Amino acid sequence: MEKVRVRFAPSPTGPLHLGGVRTALYDYLFAKNQGGEFVLRIEDTDTARYVEGAEEYIEEALEWCGIIPDESPKKGGKFAPYRQSERRDIYDKYTEQILKTDYAYIAFDTAEELDAIRAEYEAKGDVFSYDNKTRNRLRNSLALSEEEVQKLLEAKTPYVVRFKMPVDRTLGLVDIIRGNSAVNTDTLDDKVLVKNDGMPTYHFANIIDDHEMEISHVIRGEEWLPSLGLHTLLYEAMGWEAPQFAHLSLILKPEGKGKLSKRDGDKFGFPVFPLNFTDPATGHVSKGYKESGYLPEAFINMVALLGWSPADDKEILTLDEMVKEFDLHKVHKAGARFSKEKSEWFNHQYIQKTSDEELLTILKNSDLNLNMDDEKLLKIIHLMKERATFPKDIYENGKFFFEAPTSYDEKASKKAWNDETSNLLTEFAVTLSGVEAFNAENIKQNLHDFAENKGLGMGKVMMPLRLALVGELKGPDVPDILELIGKEGSIARISNAVNNFK
């Protein structure tokens with residue numbers, strides 16, 4: 001079997017979308033499953049839409065996701081350069097080659113001329129297409145004499161190179177995910193292959209690069225399905241063997257209709273990009289999964305299952321496990337609906353799998369005010385991570401460890417505090433002051449002894465004590481809270497609560 005080589009070929013016209021991440025991931029999983037190579041190629045021929053910093057963003061995003069290319073502009077490789085803008089000499093050679101065949105011609109029509117023709121068609125209720133039915137009446141090398149063409153070339157008249165679509169041919173197309181289909185060439189137009197500045201369009205540069213880089217499989221979004229006929233014919237025109245194609249379904253909006261977009265993220269409050277992206281033109285910052293508190297492993301796990309099902313319907317898989325199981329034939333044809341709730345579920349699962357030490361590192365690298373030593377922070381993480389969806393939840397849900405309450409929940413106060421409570425907690429504070437080894441185990445015993453001596457159930461002491469320490473009736477075991485706040489801090493909070501309820 002030929003060596004499997006796949007490529008992810010984004011355009012640096014903006015940040016990497018969720019759909020682009022999934023394409024890159026499936027490329028990577030398929031390549032590694034087959035013992036092949038994964039290539040990152042930057043398709044930057046669209047200079048009009050080029051966005052400063054987008055290429056660097058794409059590379060950083062893939063690195064954060066753990067999708068590491070074997071070859072790339074940054075890494076290099078035997079098929080360098082991996083940036084289309086640096087491959088002009090290669091394209092020029094193949095432009096000359098295709099013009100020697102019967103599959104291409106040069107066209108001198110100006111944009112204004114074509115606009116005028118489109119307007120004529122529209123006035124008659126028709127739609128103009130530059131194709132095998134109209135090309136012989138337009139200003140190109142098929143309709144003009146050799147002498148006219150030569151004069152225009154000598155006058156340096158701008159021109160484009162167009163593909164000469166065959167007349168009335170039925171093409172059999174094969175897709176790994178979608179199976180067999182057919183298209184008649186009379187339904188396809190004569191696409192521009194080379195622009196008037198000499199640079200190839202996506203269609204031509206794409207198949208040249210895939211051939212030159214020995215790409216065996218092309219995995220891309222379903223928006224490229226209408227181009228499959230043209231690309232198949234381009235390989236035929238150049239006398240090259242075409243790669244195998246697989247077109248991925250769309251990632252759908254949360255409500256299930258239409259393609260997921262950045263606007264949906266803004267509307268429903270979730271990111272659609274892996275990392276924060278600042279638009280250099282407007283300064284607008286689009287939130288990323290990383291900065292929103294998602295772990296890269298959780299993010300990638302979530303993305304992988306947007307259109308693919310592993311064996312036994314497993315949901316939690318490491319990247320290595322995905323590689324072992326991935327099969328393009330098991331990628332779904334139907335669109336995959338994005339769910340914010342499911343993405344959060346994945347992150348929660350991975351938070352539980354992450355060690356306390358790793359979570360400590362994440363929290364310390366955040367902008368949270370963690371005014372506590374590492375030993376205590378690790379204990380807080382261990383106590384609070386069970387309910388955390390994001391690392392910051394450990395801090396937000398356990399804020400009472402770091403700050404004494406300044407107010408007390410009204411409903412909880414009515415439930416936990418009565419006329420006897422202030423005296424009871426004042427007495428307990430005195431008892432606490434006598435605890436030598438101030439740890440949860442000793443504190444728990446002290447609480448039991450105190451309640452027993454008073455002839456009270458534990459709840460009668462625990463509930464108001466929790467309210468005094470936290471400000472609400474929430475949090476882990478009270479002895480654990482007391483230990484982490486410390487003796488002085490605990491007594492101070494009890495005193496504050498007593499004064500508040502006088």
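Below, all heavy atoms of this structure are taken into account, side chains as well, without hydrogens, waters or symmetry copies. Keep in mind that this is a model prediction, so the values were computed, not measured.
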Do [Y] and [X] meet the salt-bridge criterion of a basic N to acidic O distance under 4.0 Å?
X    : Y    : answer
R169 : E236 : yes
K93  : D89  : no
K342 : E315 : yes
E297 : K353 : no
K324 : D320 : no
D131 : K133 : yes
K314 : E325 : yes
E214 : K3   : no

Between [X] and [Y], what is the ring plane arrangement, given parallel below 30°, perpendicular above 60°, and tilted in between?
X    : Y    : value
Y395 : F402 : tilted
H231 : Y202 : tilted
W240 : H211 : parallel
H247 : F245 : parallel

Evaluate D190 against N132 for side chain to side chain donor-acceptor pair (under 3.5 Å), listing each step before the verdict. CA-CA 7 Å; D190 290 2; N132 60 31; over 6 Å; no

Other residues, nucleotides, ligands: >12 heavy atoms within 6.0 Å of [X] [atom1]:
X    : atom1 : value
E357 : CD    : yes
K290 : NZ    : no
D373 : CG    : yes
D126 : CG    : yes
H203 : NE2   : yes
K259 : NZ    : no
E386 : CD    : no
F163 : CZ    : yes

Steps toward salt bridge (charged side-chain N to carboxylate O under 4.0 Å, His left out) verdict (D115, R118): CA-CA 5 Å; D115 285 343; R118 284 191 192 94; 3.1 Å; yes

Do the side chains of [Y] and [X] get nearer than 4.5 Å, heavy atoms only?
X    : Y    : answer
V194 : Y91  : no
L317 : P310 : yes
S309 : H332 : yes
Y235 : P243 : yes
V272 : D264 : no
M199 : T47  : no
V167 : T185 : no
M322 : Y28  : no

Main-chain N/O of [Y] paired to [X] side chain as donor or acceptor, under 3.5 Å:
X    : Y    : value
R135 : M165 : yes
R22  : L306 : yes
S141 : I106 : yes
E344 : T389 : no
R220 : T23  : no
Q352 : K385 : yes
T134 : S129 : yes
S292 : G288 : yes
D44  : S85  : yes
N347 : A298 : no

Considering all heavy atoms of both residues, which atom of [X] and which atom of [Y] are nearest to each other, and what is their separation?
X    : Y    : value
N397 : R387 : ND2-O, 4.4 Å
L233 : P166 : CD1-CD, 3.8 Å
A388 : I394 : CB-CG1, 3.8 Å
L368 : K392 : CD1-CA, 4.4 Å
L144 : F108 : CD1-CD1, 4.1 Å
P158 : N196 : CB-CB, 4.2 Å

Any luck finding a side-chain donor-acceptor pair between H284 and D279 under 3.5 Å? no

Under 3.5 Å, side-chain donor or acceptor atoms of residues 9-19 against the rest of the protein: list the pairs with distances, not counting sequence neighbours.
| unit_1 | atom_1 | unit_2 | atom_2 | d |
| --- | --- | --- | --- | --- |
| S11 | OG | E43 | O | 3.2 |
| H17 | ND1 | G19 | N | 2.9 |
| H17 | NE2 | L260 | O | 3.2 |

Hey, what do you get for NZ (K151) to CD (E154), rounding to the nearest 0.5 Å? 9.0 Å

In Å, rounded to the nearest 0.5 Å, how long is the span from NZ of K333 to CG of D175? 9.0 Å

Only distances under 3.5 Å count here; give the side-chain donor-acceptor pairs of residues 64-73 to other protein atoms, sequence neighbours excluded, each with its distance to 0.1 Å.
| unit_1 | atom_1 | unit_2 | atom_2 | d |
| --- | --- | --- | --- | --- |
| D70 | OD1 | K32 | NZ | 3.1 |
| D70 | OD2 | K32 | NZ | 2.7 |
| D70 | OD2 | F38 | N | 2.8 |
| E71 | OE1 | R5 | NH2 | 3.1 |
| E71 | OE1 | Y82 | OH | 2.6 |
| E71 | OE2 | R5 | NH1 | 2.7 |
| S72 | OG | K74 | N | 3.4 |
| S72 | OG | K75 | N | 3.0 |

For V161, which of L99, T201, N140 qualifies under side-chain contact (heavy atoms from CB on, under 4.5 Å)? L99

In this structure, which one of N301, L295, V303 forms a side-chain contact (heavy atoms from CB on, under 4.5 Å) with F299? V303

Decide ring-ring contact (aromatic ring centres under 6.0 Å, His included) for Y289 and F273; before the verdict, give the C-alpha distance in whole Å, the side-chain angles of both, and the deciding distance to 0.1 Å. CA-CA 6 Å; Y289 277 86; F273 305 127; 9.3 Å; no

Run the side chain to side chain contact (heavy atoms under 4.5 Å, CB included) check on I219 and I177 step by step: do they pass? CA-CA 10 Å; I219 303 168; I177 296 169; 5.8 Å; no

Examine F30 together with W308 and report whether their ring centres are nearer than 6.0 Å. no

F338 ring centre to K340 NZ or CZ under 6.0 Å, with the angle to the axis within 45°? no

